[in-house]
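Order of appearance sets the numbers: ligands from 1, and atoms from 1 within every ligand. We count residues from 1, following the sequence as given.
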Amino acid sequence: MSSPPANCETATHCPYCAFQCGMRLSGTRETAVVAGDPDFPVNKGALCIKGWTSSAALSHPDRLLTPLIRNAEGQLVPASWDDALGRVAEAFQVTRNNYGADAVGIFGGGSLTNEKAYLLGKFARVALGTSNIDYNGRFCMSSAAAAGIRALGMDRGLPFPLEDIAHAEVVLLAGGNIAETMPPIMQYFEAQKANGGLLIVADPRLTATAGSADLHLRLTPGTDAALAIGLLHLLIRDGLIDEGYIQQRTEGFERVRGVAATYWPERVERITGVPEAELLQAARLLGRAGTAMILTGRGAEQQAQSVSNVLSFINLALALGTVGRPYSGYGCLTGQGNGQGGREHGQKADQLPGYRLIADPAARRHISRVWDFPEEDLPGPGKSAYELLDSLGPEGGIRSLLVLGSNVVVSAPNGNHIREKLQSLDFLVVSDFFLSETALLADVVLPSAQWAEEEGTMTNLEGRVIRRRRAFDPPDGVLTDLELLEALAARLGRERWFSYADTEAVFEEFRAASAGGVADYSGITYEKIEAAQGIFWPCPSVDHPGTPRMFTESFPTPTGRARFHPVLHRPPAEEPDEEFPLYLTTGRVLAQYQSGTQTRRIEELESIAPEPMAEIHPTTAATYGLADGEIFTLETRRGAARFRVRYSPGIRRDTVFAPFHWPDEQSVNLLTNPALDPTSRMPEFKVCAVRIVKELSLDRDQGVSSN
Ligand SMILES: Nc1nc2c(c(=O)[nH]1)N[C@H]1C(S)=C(S)[C@@H](COP(=O)(O)OP(=O)(O)OC[C@H]3O[C@@H](n4cnc5c(=O)[nH]c(N)nc54)[C@H](O)[C@@H]3O)O[C@H]1N2
Ligand SMILES: Nc1nc2c(c(=O)[nH]1)N[C@H]1C(S)=C(S)[C@@H](COP(=O)(O)OP(=O)(O)OC[C@H]3O[C@@H](n4cnc5c(=O)[nH]c(N)nc54)[C@H](O)[C@@H]3O)O[C@H]1N2
Ligand code: SF4
Ligand SMILES: [Mo]
């Protein structure tokens, strides 16, 4: 295939977050110039610093340009595709023959296009026959998704277009730092402010986002459910709930009313640390607003009780009568580029395309017909992300693993343990653009084409399906992930199910697979996306315009009503004690993305955020004799890591915050607690108990020793 002519402009989207800013690429791969796309209605020309600098990764000298195979001396050395694919296919066959198909695992990611996520799920079930496929979205969206399905009948991050934000009288944002994690979204909040709207932010830190809010609720980490139920208590007490809506559109409120009665403000202040006066102020703002919106980010969602947290916020949104009304309702802010589509098309352990459940006989029948593959040969549900990683090696039974689109060594909780698990595999293959920390452990590494070098669709945080367009050819010798999966399937004797003329052909099959499912894409075509700057799912037929706003008439539950859930606040799995006296919470900074594989290589970003800074209240720091800017160690029951102190007068005194974008001894995930939410299996990234140690020698192989 020949390259597009140099200097032509290609309209595509940023490789990073779920905002999926429209951007235009010009020049060649080596000289690529990025511009914000003023015609794309979501970002309207704006980009953040990561977007502006994203093209630097395309021609970066660290880029993988050939497959690598580990040789007898234990080194990764360049190899041909033929050798590399042969090695992978052979290893998978040996594992299957010796231990059964479930002994091969796949770990995918929320940055993959819909086409890739779909084909990866099909590859697991049809080419490998394994039930064990899951993905990093389990670490991201799974709690909001589980709560949305339970309460509203389905999970689409924002069930309304972003434009609604500008017209909401009051927005409560729990656990999101969007001024750093998707900066161009702030234009909607600025418009909201200009319209007289107010913003309430619940966060243990005074973040850039909380700083722009009208009210900042500085809650104790891990107390979101108590906060939400406490607000509901006040709304009920003061007669500010919408009884008519509750009666007509919901069910189960009476039990929730009973629970809320026991969350009186003094009690909620004690649990959350938020003063009673602020609770009252927040409740009044929400209760008296004509339109109110409640949004959650990972702060409220990455906890061992986070499904309960989100259900409590949804209870609040329902009691206020907001869900399904314009400029109102509940929404979760999806994180990864295709965090939304990535959770709909079958790369989850319990799922088939179209948000169908793999255990559902009707879903299996439908997919078996679309795939022309025997229903009885489709595997059942497999292990969720952390459990899958925890099952690697001889003990757990997963002996070979393909990682495609994740860097779990840096991003999974309890990192020392995960590294050991990966090292105990018989065979690890990683597909990436760069030699990530996970790829460094692999037996075979496969180089992949980057975003600007492939076609496909992405689904943004609003549920808008958009086109990723190819601006440049991949470097010689680099395959797209779709080409890789097709080639590997052929080596495994499954060519018949994995032969596509092009990416659109994968999309066409996937449309049919999703037809009739909850996430129905069957009416979406590449042409329609082009013409309308994106189509919102569900879109069940070609003449259907798509669904920007959902739940306007009814909910996709058996009764058509939304469901209240009488959940309680439960404390985090690990709380501070004498030994580990502080809370540790984790998250992101503006200039780095995720595990940092892509952004730690980009000069402009490195100059802004070269190393992890741990935010500590100056008073707390003084107790430990820590000067601003000093290097120190944080230690939990699971490990220790080093950070530079950043004095942060806006954080709670009992809480330390650290970002997770760095590896090795700077990795906060050596510290985090893998306690899982019982429903969503989300790890508790946002809360554990930590202590400050001024001096500690760190040796990964020998564990941690104080000196
Ligand atoms: N710059 C940048 N942007 C990104 C990403 C990135 O890596 N870097 N990643 C993308 C992805 S995948 C995601 S998921 C999103 C995440 O986007 P956000 O959810 O906005 O990001 P986080 O920093 O993980 O967490 C948000 C906030 O939760 C707060 N928090 C911590 N504990 C608690 C708690 O117990 N309760 C409450 N209410 N808040 C708490 C933290 O202090 C933090 O400010 O960002 C996306 N955008
Ligand atoms: N402590 C702590 N840990 C966290 C979080 C937290 O808040 N705190 N947040 C969690 C969340 S929300 C998330 S989403 C995860 C993210 O964590 P990861 O899954 O590690 O995310 P990325 O760094 O985006 O990893 C993607 C990897 O795949 C590569 N890649 C990207 N796109 C493609 C592609 O299309 N094809 C191929 N072959 N490779 C690709 C990238 O170069 C990168 O190495 O981290 C989780 N971990
Ligand atoms: S906000 Fe997200 S999509 Fe937009 S430029 Fe930044 S990283 Fe890219
Ligand atoms: Mo995420």
Does Thr220 reach ligand 1 with a nitrogen or oxygen that is under 3.5 Å from one of the ligand's nitrogen or oxygen atoms?
no
Is there a polar contact, in the sense of an N or O pair closer than 3.5 Å, between Asp481 and ligand 2?
yes
Looking at ligand 2, does any of its N/O atoms fall within less than 3.5 Å of an N/O of Ser595?
yes
Arg63/Glu453 ion pair, N-O < 4.0 Å
yes
Going by the angle between their ring planes, with limits at 30° and 60°, are Tyr593 and Tyr16 parallel, tilted or perpendicular?
tilted
How far is atom 26 (C) of ligand 1 from the closest protein heavy atom, and which atom is that?
Gly175 O, 3.3 Å
Evaluating non-hydrogen atoms only, which member of Arg298, Arg588, His661 is closest to atom 9 (N) of ligand 2?
Arg588
So if I count the atoms of ligand 3 from 1 in the order they appear, which ones are less than 4.0 Å from some heavy atom of Gln20?
3 (S)
What protein heavy atom lies closest to atom 5 (S) of ligand 3? Include the residue and the distance to one decimal.
Cys48 N, 3.4 Å
Between Arg642 and Glu611 (salt bridge meaning N to carboxylate O under 4.0 Å), is one present in this structure?
no
Heavy-atom gap Val410 to ligand 2 smaller than 4.0 Å:
no
Go through the side-chain N and O atoms of Gln592 and Glu606 and say whether any donor and acceptor fall under 3.5 Å apart.
yes
Whether Arg24 and Asp39 form a salt bridge (side-chain N of Lys/Arg under 4.0 Å from carboxylate O of Asp/Glu) is what I want to check.
yes
Gly405 to ligand 2, any heavy atom closer than 4.0 Å
yes
Between Glu574 and Arg637, is there a side-chain N and carboxylate O pair less than 4.0 Å apart?
yes
At what distance is the nearest protein heavy atom to atom 1 (S) of ligand 3, and which residue and atom is it?
Pro184 CD, 3.3 Å
Tyr135/Phe107 aromatic ring centres below 6.0 Å:
no
Are Thr296 and Leu333 packed together at the side-chain level, in the sense that at least one heavy-atom pair is separated by less than 4.5 angstrom?
no
Under 4.0 Å, heavy atoms only, figure out whether ligand 1 is touched by the backbone of Cys48, its side chain, both or neither.
neither
For atom 2 (Fe) of ligand 3, what's the nearest protein heavy-atom neighbour? Residue, atom name and distance, please.
Cys17 SG, 2.3 Å
Mind checking whether Lys686 contacts ligand 2 via backbone (N, CA, C, O), side chain (CB onward), both or neither, at a 4.0 Å heavy-atom cut-off?
side chain
Nearest protein heavy-atom contact for atom 38 (N) of ligand 2: which residue, which atom, what distance?
Ser431 OG, 2.8 Å
Taking heavy atoms and a distance under 4.0 Å, where does Asn407 meet ligand 2: side chain, backbone, both or neither?
both
Is any N or O atom of Lys116, backbone or side chain, closer than 3.5 Å to an N or O atom of ligand 2?
yes
min-distance protein heavy atom vs atom 46 (C) of ligand 2 -> Ser411 O, 3.6 Å
Quick one: are the ring centres of His617 and Tyr647 less than 6.0 Å apart?
no
Please determine if Arg205 forms a cation-pi arrangement with Phe657, meaning its NZ or CZ atom is less than 6.0 Å from the six-membered ring centre and no more than 45° off the ring axis.
yes
Heavy atom under 4.0 Å from ligand 2: found in Cys140's side chain, backbone, both, or neither?
both
Applying a strict 4.0 Å limit to heavy atoms, is Phe434 in contact with ligand 2?
no
Using a 3.5 Å cut-off on N or O atoms only, is Gln336 in polar contact with ligand 1?
no
Relative to the ring of Tyr188, is the ring of Phe19 parallel (under 30°), tilted (30 to 60°) or perpendicular (over 60°)?
perpendicular
Out of Thr334, Asp432, Asn673, whose heavy atom sits nearest atom 44 (O) of ligand 2?
Asp432
Is there a nitrogen or oxygen of Thr586 sitting under 3.5 Å from a nitrogen or oxygen of ligand 2?
yes
Which one holds for Glu180 and ligand 1: side chain close, backbone close, both close, or neither close, with close meaning a heavy atom under 4.0 Å?
backbone
Go through ligand 1 atom by atom and flag the ones less than 4.0 Å from a non-hydrogen atom of Gln303.
34 (C), 35 (O), 36 (N)
Those atoms of ligand 3 less than 4.0 Å from some heavy atom in Tyr16
7 (S)
May I ask you to test the Ile466-His13 pair for a side-chain heavy-atom distance under 4.5 Å?
yes
Heavy-atom distances under 4.0 Å are what count here, so tell me which part of Thr113 touches ligand 2: side chain, backbone, both or neither.
neither
I need the contact type for Thr585 against ligand 1. Using non-hydrogen atoms and a strict under-4.0 Å cut-off, is it side chain, backbone, both or neither?
side chain
of all protein heavy atoms, closest to atom 8 (Fe) of ligand 3 is Cys14 SG, 2.3 Å
Please determine if Tyr593 has a nitrogen or oxygen closer than 3.5 Å to a nitrogen or oxygen of ligand 2.
no
Validation row: Ser431, Phe433 side chains within 4.5 angstrom (heavy atoms):
no
Which atoms of ligand 1 are found less than 4.0 Å from any heavy atom of Gly335?
10 (C), 11 (C), 12 (S), 13 (C), 14 (S), 15 (C), 46 (C)
If we number the atoms of ligand 3 from 1 as shown, the ones under 4.0 Å from a heavy atom of Gly51 are 5 (S)
Who's the nearest protein heavy-atom neighbour of atom 4 (Fe) of ligand 3, and how far?
Cys21 SG, 2.3 Å
